[in-house]
Amino acid sequence: MPSKNNDYEIHALPVLQDNIIWLWVEGDQAVVVDPAISEPVENWLKARNLNLLSVLQTHHHQDHIGGTESLLKQWPAASVIASKADLHRIPFQTISVADGDEFLLMGASVKVIEVIGHTNAHVAYYLSEKNNEKTNPILFCGDTLFAAGCGRLFEGTAENMFNSFQRINSLPSNTKIYCAHEYTKLNLQWATTLQPDNLLIKERLKKVVNKRAQGELSLPSSLSEERKTNLFIQAKSVKEFTALRQNKDNWKG
């Protein structure tokens, strides 16, 4: 089922073990975010007679760009928007962007926010205005912020990621968070080991367990929900953030 947020119609396409490909639809046009593989996307778009207008890439990992080149064979006019700093790792990008850039896509103003840490060239895409009118905002954040968690530090530092979280946390509280993996249950289970008496975390975990048992996704999240139950976004310092990340890395969930 689509998740509608004012004028944005966003669909989730679960693939592989836990990846979520997000499809943003407007009329007969679609934008795909981080296509891990191509065939499910092709089938989904063709079944609905949709044209692929653009691909948004948050970073270079194969489970985010693996399907893009095959999609371009089906829709060669589609643009690929990615970080200029990742040009050597996403060489098929056709529109290169950097922190603070803004561009129009399907009538919406899209702002690029650099959120490094998981990789050293990771970006997020923030939408808050369409056809010159304010909308409920959404954020495609890739593998930076997860529901109740954060991405692993493959290239960046804890300080990088802490600063990226501060940038995300500066957005409006009603921002819908569209991350790229379904990790919510595990993240909340980990959080309960550190704060076993935290009623907000326990209640969210209960809801997520019920959703997953019924075959539903726990995503998207919201920034307000993350502020209540995401220990990483609650961290007050780089030192605290670092300790949380190390604890999560060593957790045997």
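Note: hydrogens, waters and symmetry copies are ignored here, and every other heavy atom, side chains too, is used. Because the structure is predicted, anything quoted here is derived from the model rather than measured.
Although no hydrogens or angles enter the test, the distance criterion places a donor-acceptor pair under 3.5 Å between the side chain of Arg167 and the main chain of Glu114. No donor-acceptor pair closer than 3.5 Å links the side chain of Gln57 to the backbone N or O of Ile81. Side chain of Ser164 to main chain of Ile116: a donor-acceptor pair is present (N/O by atom type, distance under 3.5 Å, no hydrogens or angles). Remark: the backbone N or O of Val115 is paired with a side-chain donor or acceptor of Thr144 at under 3.5 angstrom.
Neither side chain, Tyr125 nor Thr58, offers a donor N or O lying under 3.5 Å from an acceptor on the other.
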- Task: Just do the salt bridge (Lys or Arg N to Asp or Glu O under 4.0 Å) check on Lys111 and Glu129 with the steps written out, would you?
- Result: CA-CA 10 Å; Lys111 183 176 181 178; Glu129 186 175 295; over 6 Å; no
- Task: Begin with the C-alpha distance, continue with both residues' side-chain angles, and end with the deciding distance and a verdict on side chain to side chain contact (heavy atoms under 4.5 Å, CB included) for Leu219 and Trp22.
- Result: CA-CA 11 Å; Leu219 305 169; Trp22 296 108; 4.0 Å; yes
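A continuous path of hydrophobic side-chain contacts links Leu56 to Met106 [ILVMFWY only; heavy atoms under 4.5 Å]. Under a hydrophobic-cluster definition in which Ile, Leu, Val, Met, Phe, Trp and Tyr are linked whenever side-chain heavy atoms come within less than 4.5 Å, directly or via other members, Ile233 and Trp251 are assigned to the same cluster.
The shortest non-hydrogen separation linking Gln29 to Leu50 is N-CD2, 4.2 Å.
Aromatic ring centres of His118 and His61: separated by under 6.0 Å. Note: Phe146 and Trp190 fail the aromatic proximity criterion, with ring centroids not under 6.0 Å apart. For His11 and Trp44, the gap between ring centers is short of 6.0 Å.
Using a 4.5 Å heavy-atom threshold, the side chains of Pro35 and Leu71 count as touching.
Rounding to the nearest 0.5 Å gives a distance of 10.0 Å between NE2 of His60 and NE2 of His122.
Checked for salt-bridge contact, Lys46 and Glu39 miss the test: no charged N lies under 4.0 Å from a carboxylate O.
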